[in-house]
Amino acid sequence: MMSNQHKIPQATAKRLPLYYRFLNNLHIQGKSRVSSKELSDAIKVDSATIRRDFSYFGALGKKGYGYNVEYLLGFFRKTLDQDENTPVALIGVGNLGTAFLNYNFTKNNNTKIEIAFDADKRKVGNTIGDIQVHHIDELEDHLDKISVAILTVPVSEAQNITDRLVDAGISGILNFTPARITVPDSIRVHHIDLAVELQSLVYFMKHYPLNDDEDI
């Protein structure tokens with residue numbers, strides 16, 4: 001990743017995978033160039049924000065020409081380490097966990113669930129989406145080469161499992177439980193509470209109606 005990556009705002013960093021996905025789709029379609037307005041219309045981010053995001057990386061486009069799709073795609077592939085595989089562990093094979101295993105981030109080049117764990121003995125030993133489910137008691141035995149985990153366990157087990165993941169060397173956790181887990185400062189956690197996101201959506205629908213000039 002680029003040496004000046006620490007200078008990029010976190011909001012910009014979160015949009016980079018979105019840019020990469022759209023550019024990859026354009027490349028597959030055979031499109032050679034794209035304007036910031038076309039990007040804006042497709043991914044629902046205003047063009048001024050896109051130009052500002054891209055400006056952190058230097059001159060990526062030319063005024064009056066737009067952006068070269070193949071060049072941008074290669075640039076963001078390198079920036080996002082798309083040529084480096086990142087194996088992921090899934091903890092909790094309930095309904096949501098099962099859906100993740102069946103989907104397994106098929107649109108991503110470098111991120112894939114490679115192992116899953118659950119406490120239910122009826123699920124242990126099964127293969128879901130080509131991924132074998134191991135018993136949660138074996139967690140520490142299979143994480144040697146894994147640094148990222150997805151957490152989809154019951155709330156009551158979230159902190160205990162998190163502590164075990166930290167002790168096993170996991171450095172990033174995508175937490176889909178409502179629990180606000182506690183980790184050392186060296187561990188990055190992204191919380192995704194679907195209930196909270198849905199409540200937020202409904203609230204904004206009622207109190208912040210969209211118009212042509214607004215991007216929530």
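Values below: every heavy atom of this structure, side chains too, minus hydrogens, waters and symmetry copies.
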Co-membership, hydrophobic cluster, residues I113 and I115, 4.5 Å side-chain: no

L101 CG to T98 OG1 distance, which is reported to the nearest 0.5 Å: 6.0 Å

Nearest non-hydrogen partners of P17 and A13, listed with the distance: CD-O, 3.5 Å

Any residue meeting side-chain hydrogen bond (donor to acceptor under 3.5 Å, both in side chains) with E38, in chain and number order, not counting sequence neighbours: S35

K31 to V69 - nearest heavy-atom pair and separation: O-CB, 3.5 Å

Under the side-chain hydrogen bond (donor to acceptor under 3.5 Å, both in side chains) test, residues paired with S40 that sit two or more places apart: none

Cluster link I146 to L90, ILVMFWY, side chain under 4.5 Å: no

Closest contact, heavy atoms only, I170 versus V148: CD1-N, 3.8 Å

Pairwise distance CZ(R77) to OG1(T79) - rounded to 0.5 angstrom: 11.0 Å

Shared hydrophobic cluster, I173 / F117 (ILVMFWY, side-chain heavy atoms < 4.5 Å): yes

ILVMFWY network linking V189 to I192, side-chain heavy atoms under 4.5 angstrom: no

Nearest-0.5 Å distance, NZ of residue K121 to CG of residue D137: 8.5 Å

Heavy-atom donor-acceptor pair, D118 side chain to V93 backbone, under 3.5 Å: yes

Closest non-hydrogen atom pair, N175 against L151: OD1-CD2, 3.8 Å

Test side chain to side chain contact (heavy atoms under 4.5 Å, CB included) applied to V124 - qualifying residues, sequence neighbours left out: H135

Smallest separation among heavy atoms of G129 and N102, with atom names: N-OD1, 3.9 Å

Nearest-0.5 Å distance that lies between atom CG in N160 and atom CD1 in I181: 12.0 Å

Spacing of L194 atom CG and T177 atom OG1 [to the nearest 0.5 Å]: 10.5 Å

For R180, salt bridge (Lys or Arg N to Asp or Glu O under 4.0 Å) partners two or more places apart: none

Sequence-distant partners of H190, side chain to side chain contact (heavy atoms under 4.5 Å, CB included), two or more places apart: L174, R188

Close side-chain approach of T162 to T182, heavy-atom, < 4.5 Å: no

Donor-acceptor contact below 3.5 Å, side chain S200 vs main chain E197: no

Contacts of type salt bridge (Lys or Arg N to Asp or Glu O under 4.0 Å), residue D41, not counting sequence neighbours: K37

D141 atom CG, neighbour heavy-atom count above 12 within 6.0 Å: yes

Approximate separation, where rounding is to 0.5 Å, of I50 CD1 and L18 CG: 8.5 Å

Shortest non-hydrogen contact from R51 toward S36: NH1-OG, 3.2 Å

Residue list, side chain to side chain contact (heavy atoms under 4.5 Å, CB included) with R15, at least two apart or on another chain: A11, T12, Y19, V45, T49, D53

E138 CD: over 12 foreign heavy atoms closer than 6.0 Å: yes

Backbone of K112 reached by a side-chain donor or acceptor of N104 within 3.5 Å: no

Heavy-atom side-chain contact between L165 and L143 under 4.5 Å: yes

Sequence-distant partners of D120, salt bridge (Lys or Arg N to Asp or Glu O under 4.0 Å), two or more places apart: R122

Residue pairs fulfilling salt bridge (Lys or Arg N to Asp or Glu O under 4.0 Å) with at least one residue in residues 164-174, sequence neighbours excluded: E140-R164

Pairs involving residues 143-159, ordered by first then second residue, that meet side chain to side chain donor-acceptor pair (under 3.5 Å) (sequence neighbours left out): Q159-D163

Single-linkage hydrophobic cluster, 4.5 Å side-chain cutoff, V155 and V166 together: no

Which residues share a side chain to side chain contact (heavy atoms under 4.5 Å, CB included) with N25, sequence neighbours left out: R21, Q29

Geometric class of the Y67/F54 ring pair [parallel <30°, tilted 30-60°, perpendicular >60°]: perpendicular

Inter- and intrachain pairs under ring pair (Phe, Tyr, Trp, His ring centres under 6.0 Å), touching residues 140-186, at least two apart: F100-F176, H134-H142

Partner of Y203 under side-chain contact (heavy atoms from CB on, under 4.5 Å), chosen from H207, M205, K206: H207

